[in-house]
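Data block below; observations after.
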Amino acid sequence: MLAIITAVEVALYYLDLSRNALVGLLLALSALKFALVVLWFMHLRFDNRLFSTLFVGGIVLAIGIFTVALSTVGGKLV
Amino acid sequence: MATSTGVDNRKLFMWLFLASECLFFGSLIAAYLLYRGQHGVPCMDGDLSTCVFPTDRTINGVEYEGIFDIPFTSVSAFVLLMSSVSMVLALAAIQRGNVRAMRIWLFTTAALGALFVGGQAFEFTEFYREGLTLETNLFGTTFYVLTGFHGAHVTIGVLVLFSLLIWSSRGKIQAKDSLNIELAGLYWHFVDIVWIVIFTLIYLIQP
Amino acid sequence: MAGVAQAGNPLGRALRDVRHMAEDRYSIWSWIATVDHKRIGIMYGITAFTFFLIGGVEALLLRIQLAQPNSTFLDPDQFNRLFTMHGTTMIFLVVMPLSAAFFNLVIPLMIGARDVAFPRLNSFSFWAFLAGGIFLNASFFIRGNIFEGDIGAPGAGWFGYAPLTSTEFSPGHGIDFWILGLLILGVASMAGGFNFIVTILNMRAPGMTLLRMPLFVWMTLVTSFLIIFAMPVITVALFELLFDRLYNANFFNASVGGSPLLWQHMFWLFGHPEVYILILPAMGIVSEILPTFSKKPLFGYPFVVFSGVAIGFMSWGVWVHHMYTTGLGTVANSAFGLSTILIGVPTGVKIFNWLATMWGGSISIKTPLLMCAGFVTMFTIGGLSGVLHTMVPSDFQQQDTYFVVAHFHYVLFGGSIFALFAGVYYWFPKFTGKLLGEGLGQLHFWLMLIGFNLTFFPMHISGLLGMPRRIYTYQEGFGFDTLNMMSTVGGFIIAASMLVFITNFISSLRNGEKSGRDPWDARTLEWSLPSPVPNYNFKEVPVVEARDAFWYTKYRENEEGVVVRIEGAAADDEEDDGEGGHGIHLPSPSYFPLIAAAGLPIIATGLIYDPALVAVGVATTMIGVFGWAIEPPTERR
Amino acid sequence: MIILDQVLPYVMQIHQKMHLSRVFSVVWSHRRQAVVGLALLGLLALFAIGCGADTPQNTFDTKGEVAERQKDLFLIAMWPALAIMIAILGGTVLILIRFRRRSENDIPKQTHGNTTLELAWTIAPAILLFGLGIPMVAALWEIGRDPSPDAFQVNVEGQRFLWKFEYPELLDESGDPVVTFSEVNVPAGREVALHLTSIDVIHSFWVPKLAGKLDAIPGRTQTMWLRADEPGSFSGQCAEFCGLNHADMRLVMHALPVEDFEAWVDEVTGGGSSASAAGVGGDSGG
C-alpha cells in the first residue's frame, strides 16, 4: 500500500501536471501515507487517547506557529 | 506497575518525546521552506553559489537541470518505508513470543535503515562533487542540515536496533519485554514519517 | 549487572567498592550517585543559588559602571560580556533550575509518590545542568587573564540576535560557548520536562484526580509542557547558528539572502513560552503558600488552574510582541498586539483569586507570606507595565529602553525571585527539620523589597526619558544621572539582603528552631511526612479523598457547619521509627547519569577546539547511556 | 567552615542583642505611613525628573506628530494602569492588616470560590483591555501608513557605529546624492520619509522626541515617516544592541526652518562651492 502510494507520487512528479494540481495531489498522498504509518504501525488508532492528543498537539502547534512566522517574513509553506 | 492514567511510564515518555520532536523537525523544515523561494535564479553558467534548483524545472521554455536524483531518492524512501513494515513484523513476532522471528525482522529493519543512511551518504557525496556544500548557498545550508539531522536520527535508530539485537542474542528479550521493541518501533516509525514529509516537501514539490 | 561487578576482576572490585560508597548515606559518593529526588532538588537549589550570586555580582559590576555618566569602571567590551552573561545566567542558570529544584523537592511529595517516574533521568538532568552551567561560565577564562580584565565570555546579549553573533562581528569563541552551553542546558531542561510530565500524569496516589492536584503541581505540568515544546525550537536555532559559525553555513547570512529575522522568530517562539516557564512555577508556589497562611482554601481553584493552562496555550501566540520594531507590518503588529492584550486576562484572574484567598482569612504574617505579598504586588506592577507595552505604537518608543528593563525585572525578580524565596522559607523546614529564622527572614524581605524597588522603579523613568538598554555608558545632560545612581544604590541593598539570607540560612541550618512535621498548619500531603522527609517518602501510599488532602485529615465540619480541628489528628510524632522503610523498593544509586552528562561538555569543547575530543565525549556519553540501560534500576533493600 | 564556626556565634549574638524582630514589629506598626511615604516619594521623584529641563530624549516632551500620538496612547493606558496598581497594592496591604491572624485557634470560613465573581473579574478586564485595543489599533494604522508622496526622502544606513544619511532628491555637482554622517538635516513642518537599512548588523533608528523606533536590518529596506512640528535639533541614538560601541552610535536630527533648509540645500547641491558632501552634516542651522 505504502509502496504503491510512493510509486504513484513519483509517477505524478514526472507527469506534466500544473503545479497547483501536483502540489495538492502530492500533499494529499503523503498525508495519507503519514496517516497510515501513524494510525496502524504506531497503533495510535487503537491505543490510549492521551497519546494521540499529545502527538497531534505537537504537530498542530508546529504547523500553526511556523505558518504564522513564515507568513510575516514573506515565506510560503509550499 | 499501575499508573494513574493506566499507560506505561516509558511509553508515555516516548510519545512526549515524539511530540517534542515535531517541533524540532518543524523548525528545521520551516527554515528550509523560508529560504527555498529565494534561490530561484536560473542557473546559467552552472555556478552553484548564485543559484541551484533542488529539482528539474522549466523556465520560459528552457529546461534547467536540478540537483536531485529523484529515482534514486525514491528508492531510498521506499527502503525506509519497508523498514517500518519489518519493524511492525518484529513487534508482532515478539508479542506472539517468537523470539527468532523477532530477531530476523529486527535485523531486516536495522539493515534497511543502514541502507538508507548509506544512500544518504552517497547522495551527499554526489552533491558535494557537483559543488554543493554547506557554504555554497541557502539551499546547501538548509538542505544538508535538515536531511543531515534526519539521517542522524536514523543512525541513532539503527544503533538502538543493533543494541536490541545484541541484547536479545543474550536472551534478554522475551515476550514480556516486548515494550522495548515497541518503543524502538515508535521511534523508528516517527523517523519514517518525518522522511515522508521531507521527501514530499523537499524533493517532489518544486519551489 | 553480572558482567561488571565480578569479584576477582580488579575493575569489577573497584566498581563494587564505589557502588558501596554510594550506598552509605553519609558519603559524598552517595550524593554524586543519588537518584533521590529530594537530594537532587537540594543540589539543584544550591547550585542555582551559587549561580544567582555570580549573576548578582555581574549585575553589581554593571550597576557600578552605570552609576555615573561617562564612567570608565568597565570598558565597553567588558560591559557587553557581563550583561550578556548576567541575562543568560539569571534565566537559564537561576530561575529555571531554582524552579526545577522545587519541582524535584515537592512534586513527588505533593502527589503522594515515592519518587519521580525516571529517577536516573532526573539525576542526569541535574548533572547536565551543572555541566552546562560550568561550561557556559568557563567562557570567562578563554581569553587572556580574567584578573586583568580580559574576559572572554559571549558579548552579544542573551537574545543573541543574528547577524551580530556571526564570526564576523563576534570573533573568538565566546558565542560558541554560549551556543553549546545553552544546548547542554536545553538537554537538561527537556529531560526534566519529560520526567515531570510523566511523573505528574502517572505517579499520582490513588484518588489524586487532576482537579485535586495542588496548584503547584498544575503549574509544573504546564511549565513542563512549555519546556518540551519550546526547547526544540531554540535547539534548532542554536544548531543553525553553530553551523553558521563553525562550518560557514548561511542560515543568518544576509549577504546571500539569509534572514536575520528567522533567528528572531525562532528565538522568540521559544523566548515567549520561556517567560512563562520562568513565572508559572512562581505562581504555583504562591498559590500554595497564600492558602496555608490564610487558613483558607485557594479561592476559585478551577479558575486558577484553567487560567494557568490558558496562559500556557496563549504563550504560543504572542511572540511577535518582542519584534514590534522589526517592521513586520501593521497587520502582524495589530494581530499580535491584540493577542498580547488578551493574555492579560488570565493573569488578572490569578491576581484577583490570590487576593480573594487572603480576603476573610486568618493571615499569619510570616516571611513566606510576606514574600508572597511582595510577589503579588511587584508582579502586578510588572504585569501592568506589560499592558503598557502591548500598546504597539507607544511600544515603538519603549522598546529596547530601560522601561523594558524595569518591566521584566518586576516580573522576573519581583515575580519569580520573590516567589522562589517564599518557597525557600516555606519548604526549608520540610527538608531540614529546622525553621529559617523569622527575624532575619523579615529583614531579608524588607531589604530586598526596598532595594528592589529602588533599583528598578527609577528605570521606568529613565526609559521614558529615552535611555536605551545595553549601553555601556551615557553622557551628562540627558537626565539619566540621578536615576541611575538610585538604581545602583538599590542594587547594593539587594546584595545586602542576600547576605542576610545566607547568614540566616547557615545559622538556621545549625541552630534553627525545630519545626516538626507541620509548622504552618498546611494543606498538602508533603506536610503529613516527618521533617526531614525519610528517603522512601511515604511509608504507605496515601489515599486521597479531597483537594487539600492533608487539611481534611486535620479538620472537619461539625453539625453546625463550623470547621473544627479533629482531636488528635495528625499528631506530631516527630520521631520516625526508621522501621517503615524496610521492604520498600527504592531505585538504586547510579553513576551512569553523571557519566552520560559529563560527556556533553567534552563534546562541546571538542566541537570548538579539537575533533578528537568530540570522539572522547561521545564515547563517554555512550558508556553512560549503555551502562544506564543495562544496569538494573532497583535493588531490594 | 572553621570561619563560620567562629563567626556565627557573633552574628547570632548581634541578632539577639539588637532584638531585630522587635525592631521589625515597630516598623511593621508604622507600615501604613511607610507605604504612603514611599509612594509619595516615588511620585515626587517622577514629577521632579519628568519636568527637568535637561532631557533631550524625553519621550514625553514630544516635538512631532508621531511621538505625540504615541505619548497620547501611552497615557490612555497609563492612567488606568496606575489606578489598578494603586488599588491592588493598597488592597493587598489593607487585606494583610484587616485579616491578620489574631488568634492561633481562629479558623476562618472555608470559602472555595464564587462563580459570579470569577466571571466578573474575567469579563471586566477583558472589556477594559479591548477598550485599550481599539485606540491601539487605530493609532497603529495611522502611524503605520506609507509616507505621503511629497515627503522629504532620506535613505538611512546603519553601520557600526554611525549613521549614514543619503538624500536621494539632493544631488551634488557630480550628480551623486548628498550624504551626511551622524547628523541629518530635514525641513521642519514637512513630512520626512526615512528608508532604513544596514550594512552589517541590526540597528534601530530612534529620535525619541519625534517618533518611536524602527529597526535597520541588513538585507531589508524599511520605511518610516515622521514630522518635526517645530524647528530644533533632536537627539537620537541606536536602540538595538549592535556590539562594542553601541552606546556611542548617536545622531542629531536638525529640523530647519524653511529658509534655512533651502539655504542648506542650495549650498550642498552646488551653489557654486566645492562643498564635499560628507562634510556638510556639521553645518547645521535651526
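Because the structure is predicted, anything quoted here is derived from the model rather than measured. Every chain is numbered from 1, with letters handed out A, B, ... down the list of sequences.
- Only the side chain of C:M190 comes within less than 4.5 Å of a heavy atom in chain B; its backbone stays farther off.
- Each of B:T3, B:L12, B:N9 was evaluated against C:L201; a single residue qualifies, B:L12, per the side-chain contact (heavy atoms from CB on, under 4.5 Å) test.
- In summary, of the residues considered (C:D244, C:V256, C:N248), a side-chain contact (heavy atoms from CB on, under 4.5 Å) with B:E135 occurs for C:N248 alone.
- Closest non-hydrogen pair, C:S259 versus B:Y35, comes out as N-OH, 2.7 Å.
- For the salt bridge (Lys or Arg N to Asp or Glu O under 4.0 Å) test, residues two or more places apart in sequence or in another chain that qualify with C:R245 are C:D176.
- Among residues 235-242 of chain C, the residues having any heavy atom closer than 4.5 Å to a heavy atom of chain B are, in sequence order, C:T235, C:V236, C:F239, C:E240.
- Annotation: maximal heavy-atom pairing with chain B below 4.5 Å, among C:F251, C:F229, C:Y247, occurs at C:F251.
- Within residues 90-108 of chain B, no residue approaches chain C closer than 4.5 Å by heavy atoms.
- In this structure, CZ on C:F626 lies 6.5 Å from CG on B:L159, to the nearest 0.5 angstrom.
- To the nearest 0.5 Å, the span separating OG1 on B:T142 from CZ on C:F243 amounts to 12.5 Å.
- With a 4.5 angstrom heavy-atom cutoff, B:S163 touches chain C only via side-chain atoms.
- Distance check: B:L138 CG to C:N253 CG gives 8.0 Å after rounding to the nearest 0.5 Å.
- Interface remark: of the candidates C:V198, C:I197, C:I234, C:V198 forms the most heavy-atom pairs closer than 4.5 Å to chain B.
- The part of C:L121 that comes within reach of chain B is its side chain, from C-beta onward, which places non-hydrogen atoms under 4.5 angstrom from that chain.
- Every side chain to side chain contact (heavy atoms under 4.5 Å, CB included) that B:S76 has, sequence neighbours left out, goes to B:F72, B:F116.
- Closest non-hydrogen pair, B:S27 versus C:M266, comes out as CB-CE, 3.5 Å.
- Contacts between B:F25 and chain C at a heavy-atom distance below 4.5 Å are absent for every atom of the residue.
- Note: C:N195 CG to B:F13 CZ = 7.5 Å, rounded to the nearest 0.5 Å.
- Under the 3.5 Å distance criterion, the side-chain polar atoms of C:N202 are matched with a main-chain donor or acceptor of B:V7.
- Counting heavy-atom pairs under 4.5 Å between each of B:T133, B:L28, B:T5 and chain C puts B:T5 at the top.
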